[in-house]
Protein chains: 2
Amino acid sequence: MAPSLDTIFAALSDPTRRAILTMLLEDDMAVTDVAEPFEMSLAAISKHLVILANAGLIAQEKRGRVKWCKLQPDALREASVWMQGFGQFEAINLDAFERFLETELAPAALPGPDEDAGEEAPGR
Amino acid sequence: MAPSLDTIFAALSDPTRRAILTMLLEDDMAVTDVAEPFEMSLAAISKHLVILANAGLIAQEKRGRVKWCKLQPDALREASVWMQGFGQFEAINLDAFERFLETELAPAALPGPDEDAGEEAPGR
DNA sequence: TCCATGTTCAACCGAAGGGTTGAGAATGCC
DNA sequence: GGCATTCTCAACCCTTCGGTTGAACATGGA
């Protein structure tokens, strides 16, 4: 099922989970490596990852013993579209809209780790 | 204090609160009028409005007996900025936005299709 | 002044959230 | 096979959340 906005925003409301997303922006990671910088149990991180996966924010793929986590920004995109409707509803920036259309028509980029984010996402 | 991303995303994670924001997109509303289309108590709606105000998503101003609620999209923009680290969605897709508005308004967020609020503009 | 209207407060309730611990279940390596 | 590594499951604990109800507070109008 497609993750709902409920699930997406709830997943984003926890600072640990946002930090995990920021880490995954750099590279795909195994569960143990995701958990390493946090001062909480591995089981807790595992739960957080399940929540992120249910929200469609990450994908998890098991290779051997190791489960790899990678960012999946489509859900974020949905939520962003919903939000930006409030900020720019009165005055639509036509230039920005045209730029959006271009990115819409462009081939969907595979969410690889080598994506140049340009600017690091703010932490908490 | 500036509302944290925790607070903002948590406020957005509830369908009732997102429906309220959508309603306020049309016009400023009094608390009673906000509560009218929902099948829950006025006190519950009042709590939701407090949560939205604490998140900086709405502002509340009391004139006489009536407390008017109005959208305050700055907090949304802040959260939107955080998200932009994860992808390139700097522009708004109006079609997608309308789609989301429909999916938000249609199912269970608002009980009846006859949401003839009929509220008056705050200035008078 | 008395009463209706608009909104919040306080106490409560059940469910969900975020954390722990300990016991598994897979898998890879010797 | 035996063992370490990786990750999840299950049971619990405590707090927060979303809702209710009834009372209270504040204001405007007769």
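Worth knowing before you read on, the calculation uses all heavy atoms, side chains too, and leaves out hydrogens, waters and symmetry mates. Chain identifiers are assigned alphabetically (A, B, ...) following the order of the sequence lines, protein sequences preceding nucleic acid strands; residue numbering begins at 1 within each chain. The structure displayed is predicted, hence computed values, not measured ones.
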query: When every nucleotide of nucleotides 9-18 of chain D is labelled 5' to 3' by its protein contacts under 4.0 Å (heavy atoms), B for base, S for sugar-phosphate only, - for none, what sequence of letters results?
result: B-B------S
Can you pull every protein N or O that's under 3.5 Å from an N or O on nucleotides 23-28 of chain D?
residue: D:dT27; atom: O2; partner: B:Arg65; partner atom: NH1; Å: 3.2

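- Distance NE2/B:His48 to CG/B:Asp14: 4.5 Å, rounded to 0.5 Å.
- Summarising the geometry, the separation between CD1 on A:Ile58 and C1' on D:dC7 is reported as 13 Å, rounded to the nearest angstrom.
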- request: For the pair A:Met83 and B:Leu12, evaluate side chain to side chain contact (heavy atoms under 4.5 Å, CB included) and give the outcome as yes or no after the intermediate values.
  value: CA-CA 9 Å; A:Met83 290 194 325; B:Leu12 291 176; 3.8 Å; yes
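- Of all nucleotides listed (D:dT8, C:dT7, D:dT6), D:dT6 comes nearest to the side chain of A:Thr32.
- One distance of note links CD of A:Gln60 with SG of A:Cys69; it measures 4.5 Å at 0.5 Å rounding.
- The distance from the OG atom of B:Ser13 to the CD1 atom of A:Ile8 is 11.5 Å, given to the nearest 0.5 Å.
- For A:Leu42 and D:dA4, the CG to P distance is 18 Å, given to the nearest whole Å.
- Note that the CZ atom of A:Arg17 and the CD1 atom of A:Ile45 stand 10.5 Å from one another [nearest 0.5 Å].
- Phosphate contact (OP1/OP2 of C:dG19, side-chain N/O of A:Ser41, threshold under 4.0 Å): absent.
- The structure places CD of A:Gln72 at 9.0 Å from CG of A:Leu57, a figure rounded to the nearest 0.5 Å.
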query: Can A:Leu49 and A:Lys67 be said to form a side chain to side chain contact (heavy atoms under 4.5 Å, CB included), step by step?
result: CA-CA 11 Å; A:Leu49 291 171; A:Lys67 199 167 192 177; over 6 Å; no
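- Note on A:Ser46: a side-chain N or O is less than 4.0 Å away from OP1 or OP2 of D:dT8.
- The distance between atom CG of A:Leu52 and atom C1' of D:dT8, rounded to the nearest whole Å, is 16 Å.
- Atom OG of residue A:Ser80 and atom CH2 of residue B:Trp82 lie 11.0 Å apart, to the nearest 0.5 angstrom.
- Here C:dG19 presents its C1' atom at 15 Å from CG of A:Leu49, a figure rounded to the nearest Å.
- The distance from atom CG of B:Asp6 to atom C1' of C:dG17 is 13 Å, rounded to the nearest whole Å.
- For the pair A:Gln60 CD and D:dC7 C1', the computed distance is 10 Å after rounding to whole Å.
- Taking only side-chain atoms of A:Lys67, from C-beta outward, the nucleotide of C:dT7, D:dT8, D:dG19 with the closest atom is D:dT8.
- When the C1' atom of D:dT6 is taken as reference, atom CH2 of A:Trp68 falls 12 Å away, rounded to whole Å.
- Every salt bridge (Lys or Arg N to Asp or Glu O under 4.0 Å) that A:Glu61 has, sequence neighbours left out, goes to A:Arg63.
- Atom CG in A:Asn54 sits about 15 Å away from atom P in C:dA16, given to the nearest Å.
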